[in-house]
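Computed over heavy atoms, backbone and side chain alike; hydrogens, waters and symmetry mates excluded. Convention: sequence-line order gives letters A, B, ...; per-chain numbering from 1. Values in this document were obtained by computation on a predicted structure and should not be read as measured data.
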Amino acid sequence: MFERLRGTRDFLPNEMAARKKVFSSIKKSVEEFGFFETDTPGIELFELYSIKSGEEIIDELYAFEDKGGRMISLRPELTPSVVRVLVSRAKELSFPVKWYSIPRLWRYERPQSGRLREFYQLNIDIFGSEDPRADTEVISCAIKLLCDLGFDESDIEVRISDRRMLQEFLLNLGITNYQDVLKKIDKREKISERDFKEMLAGISLDHTQINEIEEFLNSKGDFLKSIEGLSCAYQGEGISKVIFSLRKIAQSLNDRGYEKFITFDPSIVRGLDYYTGMVFEVHDRKREFRALFGGGRYDNLAELFGGEHIPAVGFGMGDAVLELMMRRKNIWPEEKVEIDLFIATIGDVEKEVSKLLTSLRNNNFKVDCDIMGRNLSNQIKFANKLGAKSLLIVGERDLNEGNVTLRDLESGKESKISLNGIISEPSKYLTKVL
RNA sequence: GCCGGGGUGGGGUAGCUUGGUUAUCCUAUGGGACUGUGGAUCCCAUGACUCGGGUUCAAAUCUCGGCCCCGGCCCCA
């Protein structure tokens with residue numbers, strides 16, 4: 001016997017049925033926003049990831065050398081692949097490009113709650129537009145797809161910030177090692193206020209600077225109001241440019257009716273890699289789970305990959321945390337397989353069953369029949385396990401009169417109908433599950 | 001890589017503190033009662049102590065180590 005690899009999952013038919021429902025709901029929502037589905041290979045050249053990443057991220061790649069001596073990695077995220085495609089095909093694409101994908105990703109990490117080694121992640125991105133409306137569109141899409149899955153503003157919180165604003169603010173304070181400061185800010189939620197201050201002092205900030213930073217970080221709250229507040233408090237040229245675009249995002253999210261979901265939170269930093277502007281995260285309100293979404297603007301990645309300047313904004317949502325949150329709220333779909341009809345047989349009725357199967361399947365019904373030689377009673381039990389909506393009993397005795405028995409397995413009601421009738425007009429007797 | 005808690009039939013569990021008959025119960029699976037239908041019920045069967053070393057007359061139980069699972073740290077693209 002073999003065991004599953006650590007951090008991977010098997011999906012049995014009933015589990016798969018539930019996942020399929022969730023995924024198709026997500027796809028539907030995203031496509032309503034005008035995003036088109038794409039896919040890219042599961043393996044890429046190692047350099048695609050090493051070019052922009054630090055040691056620790058490279059350590060967590062599933063990488064190997066192939067027979068041609070190339071270093072290959074399973075994709076740990078989708079964005080580099082999508083940007084690779086975009087850069088190589090930029091000439092033929094008309095912008096803006098709105099793409100989505102639900103790739104399987106692999107990261108060699110220690111599995112924890114909501115974190116696996118192999119998982120799915122919805123990615124949506126808009127390329128080619130620097131306009132705040134692109135940011136708005138992406139955030140709206142995130143909120144809408146969660147609502148379509150059954151969440152509301154009491155479950156989730158979208159926390160928005162902006163990298164440039166934080167950087168400008170720190171520069172105004174005369175802080176030049178802001179990369180270090182960002183790292184500390186990213187940790188602030190996990191540690192006490194005192195430890196936070198000590199950490200900042202540890203990278204040689206003075207009291208005034210530390211207090212200013214604290215005050216700035218505490219300016220979180222209602223998105224639009226916080227932005228208005230900041231625009232009064234901070235007048236620097238760099239900052240006001242950022243504030244202008246944030247205000248547009250905030251206003252437009254309000255106009256779309258999403259203000260209840262949104263919090264402005266300058267402590268959101270999101271790693272350190274390629275984000276260049278607006279950044280956001282989605283959390284459950286109780287903070288029971290890790291972040292459900294992470295995303296933001298990354299306007300420089302295409303250039304970094306040797307292409308032209310292509311502004312970009314997008315996010316990723318892993319399926320692991322989503323499933324945990326949906327189960328907590330009891331909105332994860334029932335794990336149940338379904339078919340339209342099961343045909344149970346008594347005696348030698350092979351010919352009639354063949355006709356039925358062909359006709360019903362040609363009419364797009366999901367139909368199955370006994371191939372185990374079971375007695376009627378056990379066939380009925382099996383039909384229920386398949387989640388059959390209806391049962392058709394085809395027996396020699398009824399057939400002498402040209403009849404078969406149709407039973408609705410939900411209500412238990414049973415009626416005799418003509419064999420030729422159901423063969424020629426199945427829709428008159430049956431309805432489809434989906 | 002580090003820290004903590006665990007591993008008993010396919011799934012879920014009792015037993016472990018205090019070592020001692022055939023390892024508990026639920027469920028699942030297969031068959032039967034039932035000769036054309038009780039999605040019921042009952043009966044029968046299948047099937048487990050994570051692996052290895054140690055202590056002991058005797059280990060699921062005590063002990064050490066490996067493996068795996070769960071949770072946390074690091075990291076989180």
Visitor: Below 4.0 angstrom, N of the basic side chain to O of the carboxylate: do A:Asp368 and A:Lys385 qualify?
Guide: no
Visitor: Quick one: on RNA chain B, does A:Ile380 or A:Ser377 contact a more 5' nucleotide (nearest heavy atom)?
Guide: A:Ser377
Visitor: Taking A:Arg115 for its side chain and A:Arg290 for its backbone only, find out whether a donor-acceptor pair lies under 3.5 Å.
Guide: no
Visitor: Look at A:Lys20 together with A:Glu15 and state whether they make a salt bridge at an N to O cut-off of under 4.0 Å.
Guide: no
Visitor: Taking all non-hydrogen atoms of both residues, which atom of A:Ala142 and which atom of A:Phe280 are closest, and how far apart?
Guide: CB-CE1, 4.4 Å
Visitor: By the 4.0 Å heavy-atom rule, please label A:Lys190 as base, sugar-phosphate, or nothing.
Guide: base
Visitor: With heavy atoms under 4.0 Å as the rule, sort A:Asn123 into base, sugar-phosphate or nothing.
Guide: nothing
Visitor: For a quick check of understanding: with a heavy-atom distance under 4.0 Å over all strands, which category does A:Thr405 fall into, base, sugar-phosphate or nothing?
Guide: base
Visitor: Starting the side chain at C-beta, find the nucleotide from B:U35, B:U37, B:A77 nearest to A:Arg107.
Guide: B:A77
Visitor: Side-chain N or O of A:Gln112 less than 4.0 angstrom from OP1 or OP2 on B:C73?
Guide: yes
Visitor: Can you tell me if the side-chain N/O atoms of A:Lys385 get under 4.0 Å from OP1 or OP2 in B:U29?
Guide: yes
Visitor: Rounded to whole Å, how long is the line connecting atom CD1 of A:Ile58 with atom P of B:G1?
Guide: 18 Å
Visitor: Give A:Glu109 one of three labels, base, sugar-phosphate or nothing, depending on what nucleic acid heavy atoms sit under 4.0 Å from its own.
Guide: base
Visitor: Would you kindly check whether a donor in the side chain of A:Gln379 faces an acceptor in the base of B:U37, or vice versa, at under 3.5 angstrom?
Guide: no
Visitor: Looking only at atom C1', what distance separates B:G47 and B:G72, rounded to whole Å?
Guide: 36 Å
Visitor: Whole Å only: how far is the CG atom of A:Asp59 from the C1' atom of B:C76?
Guide: 13 Å
Visitor: Could you verify whether a donor N or O on one side chain and an acceptor N or O on the other, from A:Tyr298 and A:Asp125, lie under 3.5 Å apart?
Guide: yes
Visitor: Counting only side-chain N and O atoms of A:Lys187, is one of them less than 4.0 Å from OP1 or OP2 of B:C75?
Guide: yes
Visitor: Expressed in whole Å, how much space separates the C1' atoms belonging to B:U29 and B:G20?
Guide: 34 Å
Visitor: Taking atom C1' of B:A28 as reference, at what distance in whole Å does atom CZ of A:Phe382 sit?
Guide: 14 Å
Visitor: How close or far is atom C1' of B:G71 from atom CZ of A:Phe289, stated in whole angstroms?
Guide: 13 Å
Visitor: Using a 4.0 Å heavy-atom cut-off across all strands, classify A:Arg407 as base, sugar-phosphate, or nothing.
Guide: base
Visitor: Any chance you could encode RNA chain B as dot-bracket? Rule is Watson-Crick or G-U wobble with both distances under 3.5 Å; [ ] for pairs crossing earlier ones, | for another strand.
Guide: (((((((..(((.......[....)))((((((.......))))))...(((((..]....))))))))))))....
Visitor: Can you check the distance between B:U8 and B:U27, where both ends of the measurement are the C1' atom (answer in whole Å)?
Guide: 16 Å
Visitor: May I ask you to check if A:Arg159 and A:Phe264 form a cation-pi contact, with NZ or CZ under 6.0 angstrom from the six-membered ring centre and within 45° of the axis?
Guide: no
Visitor: Separation of A:Asp398 atom CG from B:U37 atom C1', in whole Å?
Guide: 11 Å
Visitor: Do the side-chain N or O atoms of A:Thr79 get closer than 4.0 angstrom to the phosphate oxygens (OP1, OP2) of B:A77?
Guide: no
Visitor: Which heavy-atom pair separates A:Glu396 from A:Asp348 by the least distance, and what is that distance?
Guide: OE2-N, 2.8 Å
Visitor: On a whole-Å scale, what distance lies between the C1' atoms belonging to B:C74 and B:C3?
Guide: 11 Å
Visitor: Do the side chain of A:Arg270 and the base of B:A77 come within less than 3.5 angstrom through a donor-acceptor pair of N or O atoms?
Guide: no
Visitor: Using a 4.0 Å heavy-atom cut-off, does A:Arg4 contact any base of the nucleic acid, only the sugar-phosphate backbone, or nothing at all?
Guide: nothing
Visitor: With a 4.0 Å cut-off on heavy atoms, is A:Glu410 in touch with a base, just the backbone sugar-phosphate, or nothing at all?
Guide: base
Visitor: What is the distance, rounded to the nearest whole Å, between atom CG of A:Asn403 and atom P of B:G36?
Guide: 18 Å
Visitor: Taking 4.0 Å as the cut-off, does a side-chain nitrogen or oxygen of A:Arg290 come that near to OP1 or OP2 on B:C76?
Guide: no
Visitor: Quantified in whole Å, what is the C1' atom distance between nucleotide B:A60 and nucleotide B:U22?
Guide: 15 Å
Visitor: Just do the ring-ring contact (aromatic ring centres under 6.0 Å, His included) check on A:Tyr120 and A:Phe23 with the steps written out, would you?
Guide: CA-CA 10 Å; A:Tyr120 291 89; A:Phe23 280 34; 5.4 Å; yes
Visitor: Could you tell me how far B:G10 sits from B:G66 if I compare only their P atoms? Round to whole Å.
Guide: 26 Å
Visitor: Taking the same atom, P, in B:C25 and in B:A48, what whole-Å distance lies between them?
Guide: 16 Å
Visitor: Compare the minimum distances between each of B:A77, B:G71, B:G31 and the side chain of A:Arg110, then state the nucleotide with the smallest one.
Guide: B:G71
Visitor: Atom CZ of A:Arg397 to atom P of B:G36: distance rounded to whole Å?
Guide: 7 Å
Visitor: Compare the minimum distances between each of B:C69, B:A77, B:G72 and the side chain of A:Arg6, then state the nucleotide with the smallest one.
Guide: B:C69
Visitor: Name the residue closer to the 5' end of RNA chain B, choosing between A:Arg115 and A:Leu399 according to the nucleotide with the nearest heavy atom.
Guide: A:Leu399
Visitor: If we take the P atom in both B:U13 and B:G6, what is their distance in whole Å?
Guide: 15 Å
Visitor: For A:Glu157 and A:His283, which I'm curious about, is there any donor-acceptor pair between the side chains at under 3.5 Å?
Guide: no
Visitor: Return the nearest nucleotide to the side chain of A:Lys381; candidates are B:C76, B:G36, B:A40.
Guide: B:A40
Visitor: Starting at atom CG of A:Asp186, determine the distance to atom C1' of B:A77, rounded to an integer number of angstrom.
Guide: 12 Å
Visitor: Should the ring pair A:Phe33 and A:Phe35 be called parallel, tilted or perpendicular, given that the plane angle runs from 0 to 90° and is split at 30 and 60?
Guide: tilted
